[in-house]
Chemist: 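Below you'll find the structure I mean.
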Amino acid sequence: MRVTAVIPVKQYHTAKTRLNISDERRAKLCHLMLHETLLTLKSSPHIHKVVVVTGEKRAKRLSESMGAITLHDDDSGVNNAVRTADAYLRSEDAPISLVMPLDMPLMEASDISFLLKFFIPPACVLVVPSMRHDGTNALLRCPPDIMGTSYDDNSYRNHMAMARSVVTNYGLVHIPRMMRDVDTISDLDSVVRYARPALRRRINDILR
């Protein structure tokens, strides 16, 4: 199964503003979470390629050093970033895309394997919601252009409605580690609670 993972990455200084920590700490935290996400994707036998769409130079350097393809984005929003990735995927005849944010540091390769158990060819859409059920933490589309994206308020509901209108094989999949993204200090506290010791130490070092 040739899955291309797509990660839209904002400029660090405009990302995760609800965390209410300094710009420097937010940038370091975003960089760490992107590194963890890339590591997990790299370790998954199902991920054929990783595409990072970003205008953030630090994210570009990190992604390329870890073998990802980078595409330029001018911070015009997640939906535009995904459209940029979709154009690249069409040029590569990529059969399946998996869009996800950078901030799922608890995700493991086995979570991706679990998600793909629900994949039904030839056309399929799968959605993993956020823990609060107000966002989309993973969006699998086969083929990638079967539908667009709607990363706005209640995006997981938007994506489920869009999927329902274009394909018979669609599903909402609950995967706890993939559902734990980081938008608020409460989210970050939860991640620290469940993180492996090495990651917990690195996050706490940033927050000190």
Chemist: Can you confirm whether Leu140 sits close enough to Ile96 that some side-chain heavy atom of one is under 4.5 Å from a side-chain heavy atom of the other?
Modeler: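 Yes. Closest side-chain heavy atoms under 4.5 Å.
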Chemist: Linking I/L/V/M/F/W/Y whenever any side-chain heavy atoms sit under 4.5 Å apart, do Leu19 and Leu106 land together?
Modeler: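 The answer is yes; both residues are in one hydrophobic cluster.
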Chemist: As an exercise, state the distance from OG1 of Thr54 to CZ of Arg61, rounded to the nearest 0.5 Å.
Modeler: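 So the OG1 of Thr54 and the CZ of Arg61 are separated by 11.0 Å.
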Chemist: I'd like to check the salt bridge (Lys or Arg N to Asp or Glu O under 4.0 Å) partners of Arg177; sequence neighbours left out, ordered by chain and number.
Modeler: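 With neighbours one apart ignored, the set is Glu108, Asp111.
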Chemist: In terms of hydrophobic clusters joined by side-chain contacts under 4.5 Å, are Val3 and Ile7 together?
Modeler: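 In one cluster with Val3: Ile7, yes.
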Chemist: Salt-bridge test for Lys16 and Asp103: reply yes if a basic N is under 4.0 Å from a carboxylate O, no otherwise.
Modeler: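 Counted as a salt bridge, because a side-chain N and a carboxylate O are separated by less than 4.0 Å.
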Chemist: Could you pull out the closest heavy-atom pair between Val51 and Tyr88, with the gap in Å?
Modeler: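 Here Val51 and Tyr88 meet closest at CG2-CE2, 3.8 Å.
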Chemist: Answer yes or no: are there more than 12 heavy-atom neighbours, outside Glu64 itself, under 6.0 Å from its atom CD?
Modeler: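 Yes, CD of Glu64 has more than 12 neighbouring heavy atoms, counting only those of other groups under 6.0 Å.
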Chemist: So, do Val52 and Leu62 sit near enough that their side-chain heavy atoms are less than 4.5 Å apart?
Modeler: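 Contact flag for Val52/Leu62 side chains = no.
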Chemist: Less than 3.5 Å apart, any donor N or O on the side chain of Thr84 or Asp73 sitting next to an acceptor on the other?
Modeler: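 No pair is found: no donor N or O on one side chain lies under 3.5 Å from an acceptor on the other.
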Chemist: Going only through I, L, V, M, F, W and Y residues with side-chain contacts under 4.5 Å, is there a path from Ile47 to Phe118?
Modeler: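 Yes, Ile47 connects to Phe118 through the hydrophobic network.
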Chemist: As an exercise, state the distance from CZ of Arg157 to NE2 of His133, rounded to the nearest 0.5 Å.
Modeler: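 Arg157 atom CZ to His133 atom NE2 measures 8.5 Å (nearest 0.5 Å).
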Chemist: Using a distance-only test with no angle check, is there a side-chain donor-acceptor pair under 3.5 angstrom linking Arg201 and Asn204?
Modeler: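 Checked: Arg201/Asn204 side chains show no N/O donor-acceptor pair below 3.5 Å.
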Chemist: Whether the side chain of His13 engages the backbone of Ala27 through a donor-acceptor N/O pair (distance < 3.5 Å, no angle test) should be reported.
Modeler: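 No; zero donor-acceptor contacts below 3.5 Å.
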Chemist: Write down the atom of Arg180, the atom of Ser190, and the distance for their closest heavy-atom approach.
Modeler: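 Answer, listing the atom of Arg180 first, then Ser190: NH1-OG, 2.6 Å.
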Chemist: Can you find a pair of side-chain heavy atoms, one from Thr149 and one from Thr136, that are under 4.5 Å apart?
Modeler: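 Contact flag for Thr149/Thr136 side chains = no.
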Chemist: Is the shortest side-chain heavy-atom distance between Val128 and Met100 below 4.5 Å?
Modeler: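 No; the side chains remain at least 4.5 Å from each other.
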Chemist: Not counting sequence neighbours, list each pair that qualifies as a salt bridge (charged side-chain N to carboxylate O under 4.0 Å, His left out) and has a residue in residues 185-195.
Modeler: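 Residue pairs passing salt bridge (charged side-chain N to carboxylate O under 4.0 Å, His left out), neighbours aside: Arg132-Asp187.
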Chemist: Specify the closest pair of heavy atoms between Tyr156 and Asp134, including all atoms of both residues, with the distance to one decimal.
Modeler: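 Shortest heavy-atom separation between Tyr156 and Asp134 comes out as CD2-N, 4.2 Å.
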Chemist: Rounded to the nearest 0.5 Å, what separates atom OG in Ser44 from atom CG in Leu116?
Modeler: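 Nearest 0.5 Å value for the OG-CG distance: 7.0 Å.
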Chemist: Taking side chain as C-beta onward, heavy atoms only, is Val167 less than 4.5 Å from Cys124?
Modeler: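 They are not in contact (no side-chain heavy atoms under 4.5 Å apart), so the answer is no.
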Chemist: Hydrophobic cluster mates of Ile120, side-chain heavy atoms under 4.5 angstrom, ILVMFWY only, any path?
Modeler: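 Traced through the cluster, Ile120 reaches no other member.
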Chemist: For the pair Thr37 (side chain) and Leu102 (backbone), establish whether a donor and an acceptor sit closer than 3.5 Å, ignoring hydrogens and angles.
Modeler: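 The answer is yes, because a donor-acceptor pair under 3.5 Å joins these two groups.
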Chemist: For Pro105 versus Leu199, what's the shortest heavy-atom pair and its separation?
Modeler: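 Scanning both residues completely, I find the closest heavy atoms to be O-CD2, 3.7 Å.
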Chemist: Taking the side chain as every heavy atom from C-beta outward, state whether Leu29 and Leu188 have any atom pair closer than 4.5 Å.
Modeler: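 When only atoms from C-beta onward are counted, Leu188 and Leu29 do touch, with a gap below 4.5 Å.
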Chemist: Do the side chains of Met147 and Phe119 join up, straight or via other hydrophobic residues, at under 4.5 Å, putting them in one cluster?
Modeler: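 No; Phe119 is not reachable from Met147 via cluster members.
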Chemist: What verdict does the side chain to side chain contact (heavy atoms under 4.5 Å, CB included) test give for Met107 and Glu36, after you've listed the backbone C-alpha separation in whole Å, the side-chain angles of each residue and the deciding distance to 0.1 Å?
Modeler: CA-CA 9 Å; Met107 179 179 66; Glu36 292 298 310; over 6 Å; no
Chemist: With no hydrogens and no angle check, is any side-chain donor or acceptor of Arg200 less than 3.5 Å from a backbone partner on Val192?
Modeler: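 A pair under 3.5 Å: yes.
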Chemist: Pairs in or reaching into residues 16-35: which pass ring-ring contact (aromatic ring centres under 6.0 Å, His included), with residues at least two apart or in two chains?
Modeler: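 Output for this query lists Tyr12-His31.
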Chemist: If you round to the nearest 0.5 Å, how far is OG of Ser22 from CG of Leu207?
Modeler: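 If we round to the nearest 0.5 Å, Leu207:CG and Ser22:OG are 9.0 Å apart.
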Chemist: I'd like to know if Arg26 and Asp23 make a salt bridge, using a cut-off of under 4.0 Å between side-chain N and carboxylate O.
Modeler: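 Asp23 and Arg26: salt-bridged.
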Chemist: Of the non-hydrogen atoms in Pro144 and Pro95, which two are nearest, and what is the gap between them?
Modeler: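 Closest heavy-atom pair between Pro144 and Pro95: CD-O, 3.3 Å.
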Chemist: With a 4.5 Å cut-off on side-chain heavy-atom distances among I, L, V, M, F, W and Y, is there a chain of contacts connecting Met104 to Ile206?
Modeler: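 Same cluster.
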Chemist: Would you say Ser43's side chain and Thr40's backbone share a donor-acceptor pair under 3.5 angstrom?
Modeler: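 Such a contact is found between Ser43 side chain and Thr40 backbone.
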Chemist: Would you mind reporting whether Thr4 and Ile69 have side-chain heavy atoms less than 4.5 Å apart?
Modeler: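 Side chain of Ile69 against side chain of Thr4, heavy atoms only: no contact under 4.5 Å found.
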Chemist: Please list, chain by chain and in numerical order, all residues satisfying salt bridge (Lys or Arg N to Asp or Glu O under 4.0 Å) with Asp181, sequence neighbours excluded.
Modeler: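 Applying salt bridge (Lys or Arg N to Asp or Glu O under 4.0 Å) to Asp181 gives none.
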Chemist: Can you name the salt bridge (Lys or Arg N to Asp or Glu O under 4.0 Å) partners of Asp205, sequence neighbours left out?
Modeler: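 Asp205 satisfies salt bridge (Lys or Arg N to Asp or Glu O under 4.0 Å) with Arg208 once adjacent residues are dropped.
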Chemist: Give the minimum heavy-atom separation between Met162 and Gly148, together with the two atoms involved.
Modeler: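 So the two residues come closest at CE-O, 3.4 Å.
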Chemist: How long is the span from the CG atom in Asn20 to the CZ atom in Arg25, to the nearest 0.5 Å?
Modeler: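 If we round to the nearest 0.5 Å, Asn20:CG and Arg25:CZ are 11.5 Å apart.
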Chemist: Nearest 0.5 angstrom please: Arg58 CZ to Leu34 CG, how far?
Modeler: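 Going from the CZ atom of Arg58 to the CG atom of Leu34 covers 11.5 Å.
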Chemist: Report yes if some heavy atom in the side chain of Arg202 is under 4.5 Å from a heavy atom in the side chain of Lys28; otherwise report no.
Modeler: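 Side-chain contact under 4.5 Å: no.
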Chemist: Any donor-acceptor pair under 3.5 Å linking the side chain of Asp86 with the backbone of Asp145?
Modeler: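 Checked: no pair found.
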